[in-house]
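Quick notes on the structure that follows.
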Amino acid sequence: MEFTLVKQNSEKLDQARKYVKDNMMKVINQPHRNNYHVMPEVGWLNDPNGFSVYKDEYHLFYQYYPYATHWGPMHWGHVKSKDLIKWEYLPVALAPDQKYDANGCFSGSAIQVDDKHILMYTGHVDPKMSFTGTSASDAGEVRQVQCLAVGDGINYHKLVHNPIISTEMIPANSSLSDFRDPKIWEKNGMYYCVVGCRDSDESGKIAMYQSANLVDWAFVGILDHSQHQLGRMWECPDVFELDQRDVLIMSPQELHDEDFRHKNGYSTVFFVGKLDYETGKFDKVSFDEIDYGLDFYAPQTTLAPDGRRIMIAWMQSWDRNIPSDQYGWAGSMTLPRELKVINNLLYQIPVKEIENYRQNEISYKDIPVSKSIQLDGINGRCLELEMTVDFTQANQFSLKLMKNKACETVISFDKESSILKFDRSHSQSGINQADPKDMREVPVLLKDSQLKLRIFIDTYSVEIFAQDGQYTMTSTVYSDLDAKEIEFAAEGEAIVSVSKWELQI
Ligand code: FRU
């Protein structure tokens, strides 16, 4: 496929690349970096973008503002990897340098077509926004359109035809200023994309488009519409086939919580069902929140060469301070997770490649735990824990992590209420957060009286995968780096088997 590309040099891109080069050393050598989670070289990172396989390597882009540790006019940062764990930084890929994306290259996706790497993103224009990143947010004047850039894995050029989905092509009864985050895919020689929208009734919906040549797009239909049930705007949609089902994931904004769900204000949900490619309708048979932690947003997936569907998300929630900003960076990605649909539910399993980085295994089998105990060698700050807790004789079990005299982060399970809880309220994290109060809960079913957990700890995060990935809880924890102890306790007698590996990347 041939495209006509914008040829001119981009001062904004050159400036961003130079800034990163000149300033990354401030961040690169400090102990406060993540060990195995993607983070910015310097500055601010939000959503994963363009997660794709190009010429046999994984590429991941991200919403990026290099110049500060807060959100600003969005660029696309770029990393690549052969195994989803060890990532290499590449130069900034996109900068807001055209009339149609003057105030930001917002979220989007990527695919390989022939030998080209195609990026599809949202051009954001806000006439009231200065380049310091402050927005006067006069919704009437913001415009969002969909654009393409074509590249070779390092350098990307925008199309002269941009925007390829313009304001005139926004579905009827939709906001012109909330129309973003295209996710592109190919099926039977046709290209499709889904885009997040806000209906004029002030609730979220998702539009689907199709194209034979990537440049001319036609509206197909509305996949689904919140009808005031699930948030004001549906951001970052993604659609894929998995285990004989279609799956839609997306991130609804401004959503009311219910029971244990949607406590972060901005949530992420999955729908399992069937997509009708003729009408664009998504017929859902089930849905739920994707992750029950405090920091998980804007997930995006890609198809691995071996057929696995892999998801990665921004390990952060909006509207919170990010204490690592004092070290020159803010925001990271989750561990990539393999997805599976089982009984119409979405399961998440850490990608198997992480197991190649396990070192120095220490294991204990069938340890009776009642009062608080520590186990020799089970401690640390960059590790994986795999454990099984048998509740036959126990009512309650707790695991304290990232612990020292001053702080601790607690994972606990109560058999009577069947609630798995993650609590960072005593982690001395420095997160100023009104709601939820540094704590989240999820109802979890024991299997044969057992709770299975895999827990990944990195410098400032804890990811919990319970019951083989049926439930996940992902959160940042900015405790002191010397908080390394791990303690087990139970009411009654829990029988615990545990393995610990250091993760060395
Ligand atoms: C989601 C989001 C997207 C948007 C991007 C801007 O976190 O709000 O909808 O494209 O962030 O950075």
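We count residues from 1, following the sequence as given. Both counts, for ligands and for their atoms, begin at 1 and track the order of listing. When reading the values below, keep in mind they use all heavy atoms of this one structure, side chains included, and skip hydrogens, waters and symmetry mates.
- Close approach of ligand 1 to Met74 (heavy-atom distance below 4.0 Å) involves ligand atoms 12 (O).
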Go through Tyr36 and Leu335 one step at a time and tell me if the side chain to side chain contact (heavy atoms under 4.5 Å, CB included) criterion holds. CA-CA 8 Å; Tyr36 58 98; Leu335 199 59; 3.8 Å; yes

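- Short contacts between ligand 1 and Gln63, defined as distances under 4.0 Å to a heavy atom of the residue, involve ligand atoms 5 (C), 6 (C), 12 (O).
- Checked for salt-bridge contact, Arg424 and Asp438 meet the test: a charged N lies under 4.0 Å from a carboxylate O.
- Evaluated by nearest non-hydrogen atom to atom 5 (C) of ligand 1, the leading choice among Asp47, Leu45, Thr122 is Asp47.
- Protein heavy atom nearest atom 8 (O) of ligand 1, with residue, atom name and distance: Glu235 OE2, 2.8 Å.
- Every heavy atom of Tyr266 sits 4.0 Å or more from the atoms of ligand 1.
- Among the atoms of Gln253, none of the N or O lies under 3.5 angstrom from an N or O of ligand 1.
- Remark: ligand 1 atoms within the under-4.0 Å shell around heavy atoms of Ser107 are 5 (C), 10 (O).
- Taking the six-membered ring for Trp and the full ring otherwise, the centers of Phe106 and His124 sit less than 6.0 Å from each other.
- In summary, the atoms of ligand 1 found under 4.0 Å from a heavy atom of Asp181, numbered by their order in the structure, are 3 (C), 4 (C), 9 (O), 10 (O).
- Close contacts between ligand 1 and Tyr297 involve ligand atoms 1 (C), 7 (O) [criterion: under 4.0 Å to a heavy atom].
- Tyr156 and Ala93 make their closest contact through CD1-CB, 3.8 Å (heavy atoms, listed as atom of the first residue, atom of the second, distance).
- Ring to ring, His262 and His256 are not that close: their centroids are 6.0 angstrom or more apart.
- Under the salt bridge (charged side-chain N to carboxylate O under 4.0 Å, His left out) criterion, Asp22 pairs with Lys18, not counting sequence neighbours.
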